[in-house]
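Please read the structure below before turning to the comments.
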Amino acid sequence: MPRGQKVILVFLILLLITLLRFLYEADKPWERGPAYADAHGKKPKPENYAVVALWWSAWFNVAVAGALILLS
């Protein structure tokens, strides 16, 4: 395997580990999302929507990085 491929593979593995750690430690959408704010009688703020967007975009990136690792 050429050196360039090894560098990219290591980068993808580190990215995957970082994303999984983020998903483990970050606020969950059911803990701080807009539905949670509605359930507690509060008006959802942009931060509530950001929690949901970051959560799902991290999962999407985990899937893409995992697929690229498997295909390399």
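Bear in mind that the values here come from a model prediction, so they are computed numbers and not experimental data.
Considering CG of Leu23 and NZ of Lys28, their distance stands at 7.5 Å, rounded to 0.5 Å.
Under the side-chain contact (heavy atoms from CB on, under 4.5 Å) criterion, Ile17 pairs with Ile13, sequence neighbours left out. Contacts of Glu31 classified as salt bridge (Lys or Arg N to Asp or Glu O under 4.0 Å), with partners at least two apart in sequence or in another chain: none. For the side-chain contact (heavy atoms from CB on, under 4.5 Å) test, no residue two or more places apart in sequence or in another chain qualifies with Ala63. Annotation: salt bridge (Lys or Arg N to Asp or Glu O under 4.0 Å) contacts of Arg21 (sequence neighbours excluded): Glu25. Every residue meeting the side-chain contact (heavy atoms from CB on, under 4.5 Å) condition with Leu68, not counting sequence neighbours, appears here in chain and number order: Leu12, Val64.
For residues 57-72, no pair satisfies side-chain hydrogen bond (donor to acceptor under 3.5 Å, both in side chains), with sequence neighbours left out. Contacts classified as salt bridge (Lys or Arg N to Asp or Glu O under 4.0 Å) and involving residues 1-20 (residues at least two apart or in different chains) are not found.
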In a table with atom names and distances, give each donor-acceptor pair under 3.5 Å that connects a side chain of residues 44-56 to protein atoms at least two apart or in another chain.
| unit_1 | atom_1 | unit_2 | atom_2 | d |
| --- | --- | --- | --- | --- |
| Asn48 | OD1 | Lys45 | N | 2.8 |
| Asn48 | ND2 | Arg32 | O | 2.7 |

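If you chain together ILVMFWY residues whose side-chain heavy atoms come under 4.5 Å of each other, Val7 ends up in a group of its own.
The number of heavy-atom neighbours closer than 6.0 Å to CZ of Phe22, taken from other residues, nucleotides and ligands shown, is above 12.
Taken together through direct or relayed side-chain contacts under 4.5 Å among Ile, Leu, Val, Met, Phe, Trp and Tyr, Leu15 and Leu9 form part of one hydrophobic cluster.
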